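Report on one structure; see the data block that follows.
Only this structure's heavy atoms are used, side chains among them; waters, hydrogens and symmetry mates stay out. Letters go in sequence order (proteins before strands), and every chain restarts at 1. Bear in mind the structure is a predicted one, so any value in this text is a computation, not a measurement.
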There are 2 protein chains.
Amino acid sequence: MLENRAGEIDPNTESKIKNAARRVFHQKGFSATRTRDIAEEAGINLALLNYYFRSKKKLFEIIMFETMFGFMQNMLVVFNDEKTSLLEKTELMAEKYTEMILKEPQVPLFILSELRDNASDFLEKLPMANIIMESVFIKQIKDEIAAGNIKEINPLQFIINLLGLVIFPFVASPLIYKIGSLSTKDFELLMQERKKMIPIWIKSMFYKS
Amino acid sequence: MLENRAGEIDPNTESKIKNAARRVFHQKGFSATRTRDIAEEAGINLALLNYYFRSKKKLFEIIMFETMFGFMQNMLVVFNDEKTSLLEKTELMAEKYTEMILKEPQVPLFILSELRDNASDFLEKLPMANIIMESVFIKQIKDEIAAGNIKEINPLQFIINLLGLVIFPFVASPLIYKIGSLSTKDFELLMQERKKMIPIWIKSMFYKS
DNA sequence: AAATGAATTAATCAAATGATTAAAACATAA
DNA sequence: TTATGTTTTAATCATTTGATTAATTCATTT
């Protein structure tokens, strides 16, 4: 049986194209991706891409939306859990997000670089602003500040630091590989260490000692 | 007198093209940039781009190299100052880098997204690895660990966190604007606050209390 | 087996895009 | 002013690229 580059076992043509498109778009971004790249990666005739998805842009929008949605979902679930404490949430975020990104390390840079152009207003289509700033997570930060357990700070700084500590090394990975002369395994171990350390770092940063 | 889009007062044609190319490449990246975009931005005839710079790729390599060099230079100067302490270096980094990036906020994402492809091995051409890991900065981290002032940690984690705290909000700015419903002024104030806080956060993270 | 609609292919199209050319405009030196 | 080399322009080229078409193959139903 013929396999495409991902070694998929006979998904239907539409799925093959979508999966190939996801891989290529994630790797190279919209502008650097040629529809012929996707067709080759999927092992299908070029015309089938348009047959199933109308256009490169439409296909991209599907991939972009699914990618962003998957990326946000994890965060929102953790942020809105009524049962976990603020520190537990930072632990869950560091844990889950690191694991998720390790499986597809190119996704954060893909999302951020595509958002730069912002042409298609993807952020408008996802209800981001309200949902995050009105989350249990933000409420808990404010409560801890009010209770005197956390230093006075804009909750947005808390979020930026948490996301930054988790996401930044992946976005800057070529730089970090180079600076540290790292192998793939080295890098992964470094991220595993961060998974444990980030909650501790966050605690040190924001909590009164 | 005719002005181009940047309102430059009559620099020579070569400079006009280079400056326009810098703006457009920084904004859209290599692949999404059309040579006609640059020509229009510079207010010159398309053929002049090839006359002065041979090709889009050659022009891009000049811009990429200059941009990366400018970005690294600041860091290396601070990192290798024999006179400043480790904490003073974090203060200088937060201060200088934030100010630098605020002037051209799109540069970090430009560099990181272009490094992703890595086709041209820009990192090989800049002597990164040795120079950073053998800097005074790294030496001071090791010394502080040996002296028992800093918790046991891979110095690379120190660098990742420092760079991440400074750079990440700019790389993720569309997201942060949205999450916080920020105006440009709001965002700038937030970064000003970070400029002050980052050294304190770093100290809290790594120094024994 | 024949008929019908869906899926696939090779060939082709039109627009976009990087680059070149030949002529014109301009500046400078003799 | 004329001659010479440089800069600029409009037009054009060749290739790339997203998309379409018409024909063929395949699968399903009758």
Rounded distance in Å - CD1 (A:Ile38) to P (D:dA19): 10 Å
Distance test, side-chain N/O of A:Arg34 to OP1/OP2 of D:dT16, below 4.0 Å: no
Pairs meeting criterion salt bridge (Lys or Arg N to Asp or Glu O under 4.0 Å) with involvement of residues 64-81 of chain A, two or more places apart: A:Lys18-A:Glu66, A:Arg22-A:Glu66
Touch class at under 4.0 angstrom, heavy-atom based, for B:Thr33 against every strand present: sugar-phosphate
Distance in angstrom units between A:Ile44 CD1 and D:dA19 C1', rounded: 13 Å
Spacing between A:Asp37 atom CG and D:dA19 atom P, to the nearest angstrom: 14 Å
Parallel, tilted or perpendicular: ring planes of B:Tyr177 versus B:Phe187, cut at 30 and 60 degrees: parallel
Selection residues 91-108 of chain B - residue pairs positive for salt bridge (Lys or Arg N to Asp or Glu O under 4.0 Å), sequence neighbours left out: B:Glu99-B:Lys195
Touch class at under 4.0 angstrom, heavy-atom based, for A:Phe53 against every strand present: nothing
Spacing between B:Leu48 atom CG and D:dT8 atom P, to the nearest angstrom: 5 Å
N/O donor to acceptor pairs below 3.5 angstrom from side-chain atoms of residues 154-168 of chain A, sequence neighbours left out:
from     : atom 1 : to       : atom 2 : distance (Å)
A:Asn154 : OD1    : A:Leu156 : N      : 2.9
A:Gln157 : OE1    : B:Arg194 : NH1    : 2.8
A:Gln157 : NE2    : B:Leu190 : O      : 3.2
A:Gln157 : NE2    : B:Glu193 : OE1    : 2.9
A:Asn161 : OD1    : B:Arg194 : NH1    : 2.8
A:Asn161 : OD1    : B:Arg194 : NH2    : 2.8

Residue pairs, two or more places apart or on separate chains, that pass salt bridge (Lys or Arg N to Asp or Glu O under 4.0 Å) and touch residues 168-183 of chain A: A:Lys178-B:Glu124
Summary of protein contacts for nucleotides 19-28 of chain C, nucleotide by nucleotide, where a base hit scores B, a sugar-phosphate-only hit scores S (4.0 Å, heavy atoms): BBB-------
Ring pair (Phe, Tyr, Trp, His ring centres under 6.0 Å) involving A:Tyr52 - partner list, sequence neighbours excluded: none
